[in-house]
2 protein chains.
Amino acid sequence: MHQPKDLQSAGLKATLPRLKVLSLFETSKERHLSAEDIYNILHSSGEDVSLATVYRVLTQFEHAGLLMRHHFESGKSVFELNHGEHHDHIVCLQCDHVEEFYDAAIEARQKKIAAEYGFTIHEHSLYIYADCTKPNCPNKR
Amino acid sequence: MHQPKDLQSAGLKATLPRLKVLSLFETSKERHLSAEDIYNILHSSGEDVSLATVYRVLTQFEHAGLLMRHHFESGKSVFELNHGEHHDHIVCLQCDHVEEFYDAAIEARQKKIAAEYGFTIHEHSLYIYADCTKPNCPNKR
DNA sequence: TGTGCAAATGATAACCATTCTCATTCTCAT
DNA sequence: ATGAGAATGAGAATGGTTATCATTTGCACA
């Protein structure tokens with residue numbers, strides 16, 4: 001993990017802050033992290049990276065295709081490693097737990113619909129907001 | 001349009017700012033409006049409503065079921081009249097033009113997928129970001 | 001293997017959308 | 001009409017994010 005090569009080939013210098021952020025995504029149990037999450041995790045393990053740098057690095061990684069940015073209803077951006085396979089999300093409204101899924105039928109319908117309306121699809125985001133069934137979910141139902 | 005009755009039955013007093021905002025949604029050509037849009041439109045027609053009130057009224061209308069709130073990638077909330085029929089959106093990334101669509105196949109698949117993962121769907125949002133074909137769209141392709 | 005320069009970082013101010021505060025004004029049941 | 005409580009306006013405050021700029025760092029080249 002965190003080979004300088006990844007960054008170099010993405011056209012980014014292998015700086016310490018960038019290596020730390022990338023490594024965090026590769027080792028963290030939680031796939032989906034916000035800028036604040038990253039800032040807090042790094043600081044609590046003694047790795048001081050400025051919040052401004054965290055934001056800059058996340059945006060750069062997004063543009064370089066290393067990360068994907070998501071806008072959940074929380075109002076803040078959430079990032080995950082771009083493993084190259086498109087997928088959509090189910091987000092629990094109570095505990096923010098996220099499940100990923102991919103459905104070929106939905107993808108196909110979307111393409112068809114966009115074409116009908118004369119649009120060229122750039123990307124799409126499908127978020128299903130729901131109540132999950134994790135035992136520790138604060139969801140009361 | 002803008003009958004006090006609508007507001008009363010929603011449990012809201014028929015105040016001037018509320019009537020103005022509601023009426024704006026009912027008469028505006030653009031179905032999808034942000035708080036700032038509304039503030040600007042009202043002011044440019046001599047109707048002075050405080051921006052804070054616009055935000056308050058929008059949130060109240062959303063809770064009352066009169067409006068629906070959407071989170072597009074623009075970063076700001078966008079509202080539209082709740083006509084009771086669920087639909088999804090295609091948003092042009094260049095000119096913010098919005099098309100609505102409904103696809104029974106996609107709806108069915110979503111329900112099925114959520115069930116497979118053990119979720120109870122609360123709501124969902126499907127936004128397709130694309131390039132539109134409006135003649136006045138600043139989209140360069 | 002040192003050196004310079006462009007690029008990256010840190011600290012903090014600025015920004016933007018939105019919410020809060022609180023004194024004043026309005027709505028509406030009486 | 002009137003009074004109690006709700007709604008409003010103005011501006012301060014907030015939260016997430018971006019911009020500024022002086023300082024530091026990575027790295028191509030000598």
Side-chain angles (χ1 to χ4, degrees), chain A residues 2-24 32-43 46-64 66-79 96, chain B residues 2-24 32-43 46-64 66-80 91 96:
Chain A
H2 61 73
Q3 302 93 325
K5 190 144 43 70
D6 294 345
L7 293 173
Q8 303 279 17
S9 60
L12 297 169
K13 284 187 187 175
T15 66
L16 247 36
R18 297 213 263 239
L19 291 170
K20 288 175 186 170
V21 171
L22 192 51
S23 158
L24 182 53
H32 301 81
L33 300 170
S34 70
E36 199 187 359
D37 291 338
I38 292 164
Y39 178 80
N40 289 335
I41 294 172
L42 289 178
H43 272 245
E47 312 274 21
D48 285 6
V49 173
S50 151
L51 184 56
T53 298
V54 170
Y55 274 104
R56 273 186 296 235
V57 167
L58 288 173
T59 301
Q60 291 159 349
F61 284 4
E62 180 195 9
H63 291 155
L66 296 173
L67 293 180
M68 294 187 57
R69 179 194 299 259
H70 299 291
H71 300 89
F72 297 151
E73 288 198 351
S74 66
K76 49 171 73 172
S77 289
V78 172
F79 298 82
D96 287 337
Chain B
H2 63 73
Q3 302 94 325
K5 190 145 42 73
D6 294 344
L7 292 174
Q8 303 279 18
S9 60
L12 296 168
K13 284 188 186 173
T15 67
L16 247 35
R18 287 179 187 157
L19 291 170
K20 288 176 186 171
V21 171
L22 192 51
S23 157
L24 182 52
H32 300 81
L33 300 169
S34 69
E36 198 188 359
D37 291 339
I38 291 164
Y39 178 81
N40 289 336
I41 294 173
L42 289 178
H43 272 247
E47 312 275 19
D48 284 6
V49 174
S50 151
L51 184 55
T53 298
V54 171
Y55 275 102
R56 274 186 295 237
V57 168
L58 289 174
T59 300
Q60 291 160 349
F61 284 4
E62 180 195 8
H63 291 155
L66 296 173
L67 293 180
M68 295 186 56
R69 179 194 299 259
H70 299 290
H71 299 89
F72 296 150
E73 288 198 353
S74 66
K76 48 172 75 171
S77 289
V78 172
F79 298 81
E80 68 174 321
V91 185
D96 288 337

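All figures in this text were calculated on a predicted structure; none of them were measured in a lab. Below, chain A is the first sequence line, B the second, and so on; all start at residue 1.
Each of L16(A) and A35(A) was assigned the nucleotide of DNA chain D with the nearest heavy atom; the assignment lying further toward the 5' end belongs to A35(A). Of the two residues near DNA chain C, Q60(A) and K76(B), the one whose nearest nucleotide lies more 5' is Q60(A).
With a cutoff of under 4.0 Å to any heavy atom of chain B, the contacted region of DNA chain C is bounded 5' to 3' by dA17(C) to dC28(C). Bracketed by its first and final contacts, the part of DNA chain D lying under 4.0 Å from non-hydrogen atoms of chain B reaches from dG5(D) to dG11(D) in 5' to 3' order.
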Practice problem: Applying side-chain contact (heavy atoms from CB on, under 4.5 Å), run through Y39(A) and L33(A) and close with a yes or a no. | Solution: CA-CA 10 Å; Y39(A) 178 80; L33(A) 300 170; over 6 Å; no

Exercise. Tell me, with the steps shown, if L66(B) and L7(B) meet side-chain contact (heavy atoms from CB on, under 4.5 Å).
Key: CA-CA 9 Å; L66(B) 296 173; L7(B) 292 174; 4.1 Å; yes

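For K13(A), the salt bridge (Lys or Arg N to Asp or Glu O under 4.0 Å) test picks out no residue, with sequence neighbours left out.
By the 4.5 Å heavy-atom criterion applied to side chains, S77(A) and H70(A) are not counted as neighbours. The shortest distance between side-chain heavy atoms of H71(B) and H71(A) does not fall below 4.5 Å. Counting only heavy atoms from C-beta outward, the side chains of D6(A) and L12(A) never approach each other to under 4.5 Å.
In this structure, K13(B) reaches the bases: a heavy-atom distance under 4.0 Å links it to at least one base atom across the strands shown. Residue contacts shown for S34(A) are absent, as no nucleic acid heavy atom lies under 4.0 Å away.
What you find for D48(B) and K20(B) is that their closest heavy atoms are O-NZ, 4.4 Å. Scanning both residues, A35(A) and L51(A), for their nearest heavy atoms gives O-CD1, 4.3 Å. The shortest non-hydrogen separation linking A64(A) to A10(A) is CB-CB, 3.9 Å. Across L19(B) and A14(B), no two heavy atoms sit closer than the pair CD1-O, 4.2 Å.
Residues from residues 50-57 of chain B lying near DNA chain C, meaning a heavy-atom separation below 4.0 Å, are L51(B), A52(B), Y55(B), R56(B) in numerical order.
The backbone N or O of V49(A) sits less than 3.5 Å from a side-chain atom of H43(A), completing a donor-acceptor pair.
Distance check, rounded to the nearest 0.5 Å: CZ of F79(A) to CG of D37(A) gives 11.0 Å.
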Exercise. Kindly express the pairing pattern of DNA chain C in dot-bracket notation, using | wherever a base pairs with another strand and counting only Watson-Crick or G-U pairs under 3.5 Å.
Key: ||||||||||||||||||||||||||||||

Show me, pair by pair, the donor-acceptor contacts under 3.5 angstrom made by side chains of residues 52-60 of chain B, not counting sequence neighbours?
unit_1, atom_1, unit_2, atom_2, d
T53(B), OG1, R56(B), NH2, 3.2
T59(B), OG1, Y55(B), O, 3.1
T59(B), OG1, R69(B), NH2, 3.4
Q60(B), OE1, R18(B), NE, 3.3
Q60(B), OE1, R18(B), NH2, 3.3

